[in-house]
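Since we're looking at a predicted model, the values are computed, not measured.
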Amino acid sequence: MGTKGIQAFCFPRRRKTMAEKDDTLLALRHSMSHVMADAVLEIFPDAQIAIGPAIDNGFYYDFELPRSLTPEDLEDITSRMKNIIAGKLPFEKRVVSRKEAAEVFAGQKYKIELLEAIPEGDEVSLYTVGKFTDLCRGPHVESTARLNAEAFKLLSVAGAYWRGDEHNQMLQRIYGTAWENPKDLRLYLQHLEEVEKRDHRKLGRELDLFSTHEEAGPGLIYWHPKGARIRLAIEDYWRKRHYEGGYEQLYTPHVGKSWLWETSGHLGFYNENMYAPMEVDKSDYYIKPMNCPFHILIYKNSMKSYRDLPLRWAELGTVYRYERSGVLHGLLRVRGFTQDDAHLFCTPEQMEEEILGVLRFSLSIWKDFGFSDIKAYLATKPEKSVGSQEDWDRAIQSLKKAIDAEGLTYEMDEGGGAFYGPKIDLKIKDALGREWQMTTIQFDFNLPERFDMTFVDHDGKEKRPLMIHRALLGSLERFFGVLVEHYGGAFPVWLSPVQAVVIPVAPAFEGYAAQVADALKTAGIRAEKDLTDNRMNAKIRNAQNEKIPYMLVVGEREEQESSVSLRKRNGDRENGVPLQNFIDSVKEVIARKELL
RNA sequence: GCCAGAAUAGCUCAGUGGUAGAGCAGCUCACUCGUAAUGAGCAGGUCCUCGGUUCAAGUCCGAGUUCUGGCUCCA
C-alpha cells in the first residue's frame, strides 16, 4: 500500500496555512526523534542507532541496545529529553563528503549501510543537536527552543526489524507523540482514550456481541445472539440491495480438491495462507481461502453467450486463511471470515459500465451504513504481472473514469496492483477520523485464462470474458468490528440488536409491559421487556448501558391510555406517546436508517 | 513467525514466598417502586498449562499456550 502517496494525499492543495502547519509539525517531530536519540545515547553510549523519522501524530527511533527497555527507561529518557530541550540547543546542518561521514559513523553499522545507499551525487548531510550527530536529510527546527517539553510523550517500546524485513536484526523502537503545545498533546491523548473506549473487543464483551475461544482456536469468531442479530440485519439489507442491484446470489462449498487450487494457481502463490489439506478418499481437499474458483466452475457449467453477460454473482462466502499468530486482532484480523464477495463477468465492451456500476453501488451502500468520507486508491501494474499492457491500460482507464464520474478523490498507487490485475480500493473514514480499507474492486486477467473461460460473441467466435472480483464490506467480521467502533456501540436503530425495551414502573404493570412488547414485535420491531425484579431506575440504567435506542416506561397512566413514556438513548423524553404513534415513528426511523 | 509486556471468580482488578480477596454480574429472600444502581444473604477459583527450585509457590526459574503493543512511514 502506498504510504508515500498517503502523505502526499493527506496534505492536498488546501489553504497554505494548513500545509505550513503540517511541515512545521513534521520538522518538530523529526527533531524530537533526534532529541530522543541523544537521550538514549546518554544512557547507552554504545547503542547502535538505526532510523528515526516523523510519523503521523509523532515519531519513533530504532535502536539496537544491550538490553530490553523498561517503562522506567522511558521515564528516564523523557526527563533527559526535557533537559536537552531546556538547553535551547541549535540543530546544526553540515554537508560532508562520504568519507567524512563514514568516519563520523565508524562503528554504526546501520548508519554506514544507510550512507552507502545514498545515490552517488546526492548530498550527504549531518545534523547535530547537543552531543548527537545523525546522518539526516532534515529538515529540522532551528533549535530545541522550538520544541515544547510539555507537548510530547513517549508512548511505547516495540520490536521492529531493521528495514522492516524479518530476516534482519530485530531492533527496539520507541514511539512518541509530539505536538506544538500541551493543549494539542492533551487533545491527542484524549483521542487515544476515546479510541480505547470504543475498542470493538471491549464493546463486544460489554454488549455481549461476540467472543473468541483460545481452546478452540485463535482468530475464529463466535457471534453471540446480539451480534448475530446485527449481522442478520446487515445480511438482510445486503441481500436485498444486491438483488435490486442486478446481482444473483450463490452458495458454494467450503472445500475443494487440489485440482481446483492447482488450476487457480493458489497452491502456487497463496499456499502459505492456506490451511493444510485433509485427505478424503485419497484426494487432498483444501478449505477455501477464496470463493472465486467455485464461481468460475458455475460459470463454466454451461456455454455462455455474449447475451448472458454481464453476470454479477455474489456470495457471502466463508473462507479460512492462515494468518501468522502475531497479526491476529479481534475482529479486524482473523483466520475465518465471511467475505461479501462478488464476481462480475463481462465483455470488454461492458467493462466501463460495470466498473462504474459496482463503484456507484458500493458508495450507495456505504452511505446507508453512515459512512460518506471515502477515498479511492488506484493501484497499477506491478513489475511481475500477467495480462497484456493493453489490457492493463484499458482496465486502469476504466477504473479512473469511474472514480472521476463519481467525483471521488483518489490517489495512485503505482505498481501496487496484484500481479493479475489493477484495482481500486476504497478507504472509509470513521467517526474518529481513522481510515479503514474496506472495499476492493480488482480486475483479474489470470483466472479466466487458467480456467479457460469463454463466451460466444456476436461473430460466433469464442472469446475470453473479463473478470472482476469485488468485496464491498470486505468481510462481515472486519466490517462489524469497524461498525462497532464507528458507532461506539450505539448502533443506528435499524441495526440495534434490541431496538426498544419496555420497562414497567412497578410489578403491577408487567402485564401491560408484555402487551406493549408483543405489539412492537408484531410490528417487526426488535423489542424486549424488562421483567426482572430490579427497580425501574436500575432497568433504565441497564438499558442505557446496553445502548438500547428506545426505553418505554409504562405505568398506570400509560396502561389506561394505551400509550408509552418514551426515553431515548440520547436522554430525550416524551411522555404519553400513543403506542401506535410510537410504532409508526420507529418504523420510519428504521426505514430511513436514521441514527436515532 | 520475531521483539516486548500480560494472564488471579463471568467482568474489572487487589494480593512480592507462609490458610486466595473486593466491587460489579449471578442465585435466594424481602420491598406497591415514575426516567442512570433498593436492601440483606448465599454461592462462585486447577491463581493459563506443564515442569523445576523451596519445608512452603498465585508470588521465584524454565518451557509452552493465548492475549496486548509493534514489526508499512526510508538518513
**Q** Does a side-chain heavy-atom distance below 4.5 Å link A:F480 with A:I221?
**A** no
**Q** Nearest whole Å is fine: how far is B:G70 C1' from A:R173 CZ?
**A** 8 Å
**Q** Classify the nucleic acid contact of A:Q172 as base, sugar-phosphate or nothing, counting any heavy atom under 4.0 Å across all strands shown.
**A** nothing
**Q** Distance check needed: B:C13 P versus A:E206 CD, whole Å only.
**A** 11 Å
**Q** Who does B:U66 pair with, Watson-Crick or G-U, both distances under 3.5 Å?
**A** B:A6
**Q** Could you check which nucleotide pairs with B:G26 in any of the strands shown, counting Watson-Crick or G-U wobble with both distances under 3.5 Å?
**A** B:C42
**Q** Please tell me which of the listed nucleotides, B:U35, B:C74, B:A30, lies nearest to the side chain of A:D533?
**A** B:A30
**Q** Round to the nearest Å and state the distance from A:N168 atom CG to B:U72 atom C1'.
**A** 15 Å
**Q** Do A:F582 and A:Y550 come within less than 4.5 Å of each other through their side chains, counting heavy atoms only?
**A** yes
**Q** Report yes if some heavy atom in the side chain of A:R80 is under 4.5 Å from a heavy atom in the side chain of A:I43; otherwise report no.
**A** yes
**Q** Would you classify A:A160 as touching base, sugar-phosphate or nothing, given that sugar-phosphate means primed atoms plus P, OP1 and OP2, and contacts are heavy atoms under 4.0 Å?
**A** sugar-phosphate
**Q** Choose from B:C71, B:G34, B:C73 the nucleotide whose nearest atom is closest to any side-chain atom of A:I55.
**A** B:C73
**Q** Go ahead and name the base partner of B:C71; Watson-Crick or wobble counts if both distances stay under 3.5 Å, otherwise write none.
**A** B:G1
**Q** Looking at B:C2, does its base get a donor-acceptor pair with the side chain of A:R324 below 3.5 Å?
**A** no
**Q** Rounded to whole Å, how long is the line connecting atom CE of A:M536 with atom P of B:U32?
**A** 16 Å
**Q** RNA chain B: A:G330 or A:K111, which has the more 5' nearest nucleotide?
**A** A:G330
**Q** When the C1' atoms of B:A40 and B:A4 are compared, how many Å lie between them, rounded to an integer?
**A** 48 Å
**Q** Using a 4.0 Å heavy-atom cut-off, does A:A508 contact any base of the nucleic acid, only the sugar-phosphate backbone, or nothing at all?
**A** nothing
**Q** When the C1' atoms of B:C27 and B:A9 are considered, how many whole Å apart are they?
**A** 15 Å
**Q** So do A:L483 and A:H200 actually touch side chain to side chain, heavy atoms under 4.5 Å?
**A** no
**Q** Give the nucleotide from the list B:C33, B:G34, B:C29 with an atom nearest to the side chain of A:A506.
**A** B:C33
**Q** Contact class for A:N545 (heavy atom, under 4.0 Å): base, sugar-phosphate, or nothing?
**A** base
**Q** From the set B:C74, B:G69, B:A36, return the single nucleotide nearest to any side-chain atom of A:Q544.
**A** B:A36
**Q** Which is true for A:N534 with a 4.0 Å heavy-atom rule: it touches a base, it touches only sugar-phosphate, or it touches nothing?
**A** nothing
**Q** Which base, if any, makes a Watson-Crick or G-U wobble pair with B:C60, both distances under 3.5 Å?
**A** B:G52
**Q** Across the strands shown, which category fits A:E558 at heavy-atom distances under 4.0 angstrom: base, sugar-phosphate, nothing?
**A** base
**Q** Indicate, with a heavy-atom threshold strictly under 4.0 Å, whether A:E123 touches base, sugar-phosphate, or nothing.
**A** base
**Q** How far, in whole Å, is B:C55 from B:C13 if one measures between their P atoms?
**A** 37 Å
**Q** Provide the distance between the two C1' atoms, one in B:G21 and one in B:A43, to the nearest whole Å.
**A** 15 Å
**Q** Grab the CG-P distance between A:N57 and B:C73 for me, whole Å please.
**A** 16 Å
**Q** How far, in whole Å, is B:C67 from B:A57 if one measures between their C1' atoms?
**A** 24 Å
**Q** Is the closest side-chain heavy-atom distance between A:V554 and A:I503 below 4.5 Å?
**A** no
**Q** Rounding to an integer number of angstrom, what distance separates B:A7 and B:C11 when you compare their C1' atoms?
**A** 15 Å
**Q** Given A:W179, which partner from the list A:R29, A:M32, A:R186 fulfils the side chain to side chain contact (heavy atoms under 4.5 Å, CB included) test?
**A** A:R29
**Q** Atom CD1 of A:I548 and atom P of B:A36: how far apart are they, to the nearest Å?
**A** 15 Å
**Q** Only one of A:E528, A:R526, A:R229 forms a side chain to side chain contact (heavy atoms under 4.5 Å, CB included) with A:P497, so which one is it?
**A** A:R229
**Q** Scan A:I118 against the nucleic acid and name what it touches under 4.0 Å (heavy atoms): base, sugar-phosphate only, or nothing.
**A** base
**Q** Does the side chain of A:R321 come within less than 4.5 Å of A:Y270's, by heavy atoms?
**A** yes
**Q** What is the nucleic acid contact for A:V327, judged by heavy atoms within less than 4.0 Å: base, sugar-phosphate only, or nothing?
**A** base
**Q** For A:S125, report the nucleic acid contact type (base, sugar-phosphate, nothing); a contact means any heavy atom under 4.0 Å.
**A** base
**Q** Out of A:F132, A:F91, A:F152, which one pairs with A:V35 under the side chain to side chain contact (heavy atoms under 4.5 Å, CB included) rule?
**A** A:F91
**Q** Would you mind classifying the nucleic acid contact of A:R201 as base, sugar-phosphate or nothing, using non-hydrogen atoms under 4.0 angstrom?
**A** sugar-phosphate
**Q** Between B:A4, B:A75, B:C31, which nucleotide has the shortest distance from any of its atoms to the side chain of A:R137?
**A** B:A75
**Q** Taking pairing as Watson-Crick or G-U wobble with both contacts under 3.5 Å, can you name the mate of B:C47, or confirm there isn't one?
**A** none
**Q** Rounded off to whole Å, could you give me the NZ-to-P distance for the A:K539 and B:A25 pair?
**A** 15 Å
**Q** By nearest nucleotide on RNA chain B, pick out whichever of A:G555 and A:G326 is the more 5' one.
**A** A:G326
**Q** Any N or O donor-acceptor pair under 3.5 Å from the base of B:G34 to the side chain of A:S565?
**A** yes
**Q** Does A:R205 get its side chain close enough to the base of B:C11, under 3.5 Å, for a donor-acceptor pair?
**A** no
**Q** Below 4.0 angstrom from OP1 or OP2 of B:C73, is there any side-chain N or O of A:Y60?
**A** yes
**Q** Side-chain N or O of A:H329 versus OP1/OP2 of B:G69: is the shortest distance under 4.0 Å?
**A** yes
**Q** Measure the distance from CZ on A:R67 to P on B:A4 and round it to the nearest whole Å.
**A** 13 Å
**Q** Mind checking if A:Y175 touches a base, just sugar-phosphate, or nothing, with heavy atoms under 4.0 Å?
**A** sugar-phosphate
**Q** On a whole-Å scale, what distance lies between the P atoms belonging to B:C61 and B:U54?
**A** 16 Å
**Q** Taking the minimum atom-to-atom distance to the side chain of A:Y161, which one of B:U35, B:C71, B:A36 wins?
**A** B:C71
**Q** Strictly below 4.0 Å: does A:R567 bring a side-chain N or O up to OP1 or OP2 of B:A36?
**A** yes
**Q** Of all the choices, B:C67, B:A75, B:U38, which nucleotide is nearest to the side chain of A:V124 once you look at every atom?
**A** B:A75
**Q** Please list all pairs passing the salt bridge (charged side-chain N to carboxylate O under 4.0 Å, His left out) test where one or both residues lie in residues 531-551 of chain A, with sequence neighbours left out.
**A** A:K226-A:E546
**Q** When the C1' atoms of B:A25 and B:G18 are considered, how many whole Å apart are they?
**A** 33 Å
**Q** Considering every strand and a 4.0 Å limit on heavy-atom distances, what is the contact class for A:M170: base, sugar-phosphate, or nothing?
**A** base
